[in-house]
K.L.:
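Okay, here's the structure, questions in a sec.
This is a predicted model, so every value here is computed, not measured.
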Amino acid sequence: MTAESQKTERYNARDAETRWQKTWAERGIFATKNDDPRPKYYVLEMFPYPSGRIHMGHVRNYTMGDVVARFKRAMGNAVLHPMGWDAFGMPAENAAIDRKVHPKAWTYDNIAAMKKQLQSMGLSLDWAREVATCDPAYYKHQQKMFLDFLKAGLVAREYRKVNWDPVDQTVLANEQVIDGRGWRSGAEVEQRDLYQWVFKISDYSQELLEALDRLERWPDKVKLMQKNWIGRSEGLLVRFMLDPATAPNKEAELEIFTTRPDTLFGAKFMALSPDHPLAQAAAAKNPKLAAFIAETKKIGTSQAAIDTAEKMGFDTGIRAVHPFDPNWKLPVYVANFILMEYGTGAIFGCPAHDQRDLEFANKYGLGNTPVVCPPGQDPKTFVITDVPYLEDGKMINSRFLDGMTIEQAKEEVAKRLEKDTRGNRPVAQRQVNYRLRDWGISRQRYWGCPIPIIHCDACGVVPVPEKDLPVTLPEDVTFDKPGNPLDRHPTWKNITCPKCGGPARRETDTMDTFVDSSWYFVRFTDPWIKDAPTDRKIADRWMAVDQYIGGIEHAILHLLYSRFFTRGMHKCGYLDLDEPFAGLFTQGMVVHETYRTKSGEWVEPANVKIEGLGETRRASLATTGEPIEIGSIEKMSKSKKNTVDPDDIIDAFGADTARWFMLSDSPPERDVIWTEEGVQSAWRFVQRLWRMTGEIAGVSGPQSRPAVFGPQAQKVRKAAHRALANVSDDIARLRFNRCVAHIYELANALGDAIGSAETAPAPDFAWALREAGDILVRLFHPMMPHLAEECWAVLGHTTLVSAEAWPQVEPELLVESTITLPVQVNGKKRAEVTVPRDATEAQIVAAVLALDDVQKALGGKSPKKVIVVPQRIVNVVV
RNA sequence: GCGGACGUGGCGAAAUGGUAGACGCAAGGGACUUAAAAUCCCUUGGGAGUAAUCCCGUCCCGGUUCGAGUCCGGGCGUCCGCACCA
């Protein structure tokens with residue numbers, strides 16, 4: 001055979017893949033009907049930002065989703081598997097600034113390019129439902145819901161301290177500040193006070209927290225992260241009297257929040273946030289205090305600044321009165337470590353039992369009194385110097401609390417102070433605090449959903465009338481100056497007030513793009529409806545998303561916001577559920593080795609030549625041969641140039657190879673290392689499957705199922721049905737790496753069987769080979785759909801395997817008539833015993849004790865007992 | 001600092017408390033070939049032995065159990081999330 005003819009016998013992935021993609025599109029087999037009566041299954045992958053090109057992370061994510069979609073479809077479900085674009089956001093504006101292209105043009109060009117790439121992957125998507133969040137037909141409904149939320153009390157306008165990104169010139173959510181820097185620009189974030197539109201997500205703190213327990217198919221890790229983020233703590237609000245002689249005004253009281261009311265007798269000082277009204281009032285009369293407060297503002301909010309910042313305080317001269325002792329006066333400080341946003345912005349300090357309080361007290365010589373004594377410690381000798389005591393113990397130095405546990409003391413203090421009233425109000429009340437703060441959605445940006453609000457000099461804040469929706473973005477904008485182009489737009493901004501007809505201005509802020517992605521999954525259920533965000537019946541039919549798949553980086557922001565927004569939509573009558581994602585899966589990243597030249601420049605894998613193995617493994621520049629350092633394995637990123645372009649891989653090997661590799665080896669929740677060897681291995685397997693089905697197709701056998709199967713045939717059939725059972729189970733549990741292994745096992749078994757076949761195999765064996773071949777193709781179809789169609793046709797089928805039902809397991813093929821059990825003596829394996837499947841325990845024991853190896857291991861002793869675990873193991877204990 | 005996850009061959013990894021290392025990669029040997037590629041076959045945790053076989057082995061130290069990679073306690077290490085949150 002010549003090299004040329006061999007070449008033609010290879011599977012031509014590029015050719016076959018375009019062909020099958022065309023066939024699927026023509027026959028519309030992935031279109032989903034909203035009135036499909038079969039049980040629904042909604043599988044969704046997090047939609048991409050149209051950056052311009054897909055990356056390997058997308059390939060992994062969408063492959064996993066597609067496997068689930070194709071499997072569920074074959075299982076007889078009506079499957080909803082849509083795709084869209086998270087199309088608003090800053091990169092489009094950055095491109096406008098850098099390249100002088102309009103954000104809209106840039107975005108839609110990117111969408112076109114990426115759509116083509118996604119289509120080359122052979123994903124079973126219903127493209128008719130495609131949405132882009134930058135489309136007025138989409139954001140119109142978002143504006144409507146903003147107004148609904150406003151009416152429902154879920155939106156507020158607040159003058160707020162915000163994180164200001166000086167480079168991007170916009171406000172950032174806390175979640176978008178990483179180590180004190182903007183998550184996109186990397187610029188050090190400043191604090192500014194601005195009017196902000198906020199969603200009242202904190203009204204749902206308790207609800208969002210409690211509902212986590214009911215999300216059974218979410219990873220514990222994500223639930224825990226959300227739980228910590230919501231940050232519930234129970235404590236006591238306590239009103240301290242201020243010594244009137246020292247108070248700056250008639251505000252003769254200071255309210256604090258504490259989770260440790262038990263330590264009240266260890267109090268040494270009070271501390272206020274620099275932003276606290278009492279601090280401000282005191283500063284008005286005390287220039288030195290005012291200067292101190294100004295000083296605290298200069299210290300940045302960056303992580304480094306917070307880590308290294310020393311505790312600083314300023315004695316206001318005000319004295320507070322201990323709630324249990326009118327003669328006990330506590331100095332009131334302004335301190336730089338007290339946050340106005342949490343609790344009441346004021347605390348009482350108990351240095352003996354709090355790290356920060358102790359540092360502060362030590363610095364200002366305030367001393368400490370331990371009030372909780374560790375078990376086994378003599379209270380008389382127990383002193384605190386540099387390390388506070390935070391554990392459990394018995395109360396000491398605490399008058400009526402002495403001898404109690406911490407819990408008892410907390411309860412006692414709460415009870416007494418709740419009873420105690422001052423001015424008709426109890427001195428203390430129990431309170432639950434949350435760390436979660438309202439979601440500021442205002443962004444000083446052009447490329448986002450306009451907030452449908454008008455500011456009128458006479459009427460104030462006026463919602464845009466619904467008949468005027470959508471408020472569309474003007475297209476004639478310039479990006480030659482920093483800041484928001486909407487703010488300096490001559491005509492768009494100025495408008496007449498819909499209420500009074502007087503001069504007014506549009507709100508020029510746009511919404512955080514996380515709003516766009518907080519409901520797109522609902523829009524997919526009916527993206528065609530024009531006059532409402534949803535068709536309620538259809539939304540209720542498809543929601544919740546049964547399986548949501550995406551990166552762990554969205555564990556908090558996107559998922560929490562979506563949970564909130566869904567509740568808002570529920571409240572406003574757009575659907576009837578609270579939790580949008582019934583099942584969540586967070587997939588790992590695609591990582592790759594990094595390469596750098598001696599001078600420290602990153603080098604793309606495509607330009608690197610690797611030689612040698614292990615210790616002698618060396619890299620050099622492909623062009624010049626200059627030696628290159630092999631660095632650590634890291635997430636693929638443009639900055640480190642360790643990326644592999646999906647287009648290149650699909651061109652060279654086909655989409656199926658890329659898909660197969662993405663599912664192989666690593667468990668889906670863990671990172672997968674992209675290697676050249678791994679791709680080669682996947683590609684070889686594609687070829688092998690294709691050859692193998694060709695060989696099976698060449699076997700002539702009976703048309704109808706033989707009545708009896710010989711041992712050779714049974715062996716093949718058992719292998720096929722075992723693989724079928726295993727793969728079915730593992731796809732359902734998203735254990736794709738195990739599916740891959742089981743498919744390899746079946747291919748190996750089938751390869752052996754074909755190898756052992758005669759030129760004219762017996763009819764039953766021939767039939768079994770064809771059956772196993774059919775099963776094999778249908779099993780790998782969700783992972784490698786194009787190859788599967790090709791092989792399916794080679795096997796003589798005229799249907800599409802993509803539209804075939806999942807094969808049925810014959811359960812009797814999964815059980816053996818005899819079983820071989822390992823035999824242990826004192827927990828060490830010494831022999832094996834083969835017994836009939838239905839052997840009784842007594843029969844098994846007899847068979848085991850009759851074994852030479854067992855007798856030898858017993859060394860003449862008689863066994864104390866024999867443990868028989870049915871179908872598993874036998875252990876003889878001496 | 002608080003919270004969580006993980007630690008298994010040369011590598012990626014399997015293993016409802018029940019034969020540790022399935023499956024893949026890499027490596028070594030062989031077949032086919034003028035040769036290469038491709039393909040196929042064999043070997044591959046460590047040690048002892050001609051061999052049958054035996055001993056050791058899942059980060060370390062203990063414990064529970066007939067039996068522990070798996071459960072519990074204590075270390076060590078790596079990774080992730082949160083963090084002046086009162």
K.L.:
Does Lys311(A) count as lying over the ring of Phe337(A), i.e. NZ or CZ under 6.0 Å from the six-ring centre, within 45 degrees of the axis?
P.N.:
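Cation-pi check for Lys311(A) and Phe337(A): passes.
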K.L.:
Within the structure shown, what part of the strands sits under 4.0 Å from Ile338(A) by heavy-atom distance: base, sugar-phosphate, or nothing?
P.N.:
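Contact class for Ile338(A): base.
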K.L.:
What integer distance in Å separates Asp671(A):CG from rC11(B):P?
P.N.:
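In whole Å, rC11(B) P lies 18 Å from Asp671(A) CG.
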K.L.:
Between Arg830(A) and rU53(B), is there a side-chain N or O to OP1/OP2 distance below 4.0 Å?
P.N.:
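Looking at the OP1 and OP2 atoms of rU53(B), neither is under 4.0 Å from any side-chain N or O of Arg830(A).
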K.L.:
Do Arg670(A) and Gln587(A) meet the criterion of a side-chain donor-acceptor pair at a distance under 3.5 Å?
P.N.:
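No donor-acceptor contact under 3.5 Å links the two side chains.
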K.L.:
Determine the contact category for Leu224(A): base if any of its heavy atoms lies under 4.0 Å from a base atom, sugar-phosphate if only primed atoms, P, OP1 or OP2 are that close, otherwise nothing.
P.N.:
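Contact class for Leu224(A): sugar-phosphate only.
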K.L.:
Is the base of rC84(B) touched by the side chain of Lys311(A) through a donor-acceptor pair closer than 3.5 angstrom?
P.N.:
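For Lys311(A), whose side chain was compared with the base of rC84(B), there is a donor-acceptor pair (under 3.5 Å).
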K.L.:
Would you mind building the protein contact string for nucleotides 16-23 of chain B? One character per nucleotide, 5' to 3', B for base within reach (heavy atoms under 4.0 Å), S for sugar-phosphate only, - for untouched.
P.N.:
B-BB--BS
K.L.:
Out of rA86(B), rC82(B), rU39(B), which has the shortest distance to the side chain of Arg435(A)?
P.N.:
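Minimum distance to the Arg435(A) side chain belongs to rC82(B).
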K.L.:
Please examine the side chains of Leu560(A) and Arg563(A), heavy atoms only from C-beta on, and report whether any two atoms are closer than 4.5 Å.
P.N.:
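Yes, their side chains come closer than 4.5 Å.
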K.L.:
So what does Arg232(A) touch, heavy atoms closer than 4.0 Å: a base, only the sugar-phosphate, or nothing?
P.N.:
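Contact class for Arg232(A): none.
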K.L.:
Answer with yes or no whether the side chains of Ser233(A) and Tyr342(A) bring together a donor and an acceptor at under 3.5 Å.
P.N.:
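Yes - a donor-acceptor pair under 3.5 Å links their side chains.
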K.L.:
Answer with base, sugar-phosphate or nothing: what part of the nucleic acid does Thr259(A) contact at a heavy-atom distance below 4.0 Å?
P.N.:
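The residue Thr259(A) makes sugar-phosphate contact but no base contact.
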K.L.:
Side chains of Pro388(A) and Gln355(A), heavy atoms from C-beta outward: is any pair under 4.5 Å?
P.N.:
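Side chain of Pro388(A) against side chain of Gln355(A), heavy atoms only: contact under 4.5 Å found.
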K.L.:
Check the chi torsion on rG9(B) and let me know: syn if it falls within 90° of 0, anti if not.
P.N.:
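For rG9(B), whose glycosidic angle is within 90° of 0, the conformation is syn.
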K.L.:
Would you say a side-chain N or O of Ser681(A) is under 4.0 Å from OP1 or OP2 of rC25(B)?
P.N.:
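Yes.
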K.L.:
Have a look at Ser233(A) and say if it touches a base, only the backbone sugar-phosphate, or nothing, with a 4.0 Å heavy-atom cut-off.
P.N.:
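Touches sugar-phosphate only.
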K.L.:
Could you tell me whether Lys828(A) contacts a base, only the sugar-phosphate backbone, or nothing, with contacts defined as non-hydrogen atoms closer than 4.0 Å?
P.N.:
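The residue Lys828(A) makes sugar-phosphate contact but no base contact.
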K.L.:
Of the non-hydrogen atoms in Leu272(A) and Ala279(A), which two are nearest, and what is the gap between them?
P.N.:
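Between these two residues, the closest heavy atoms are CD1-N, 3.8 Å.
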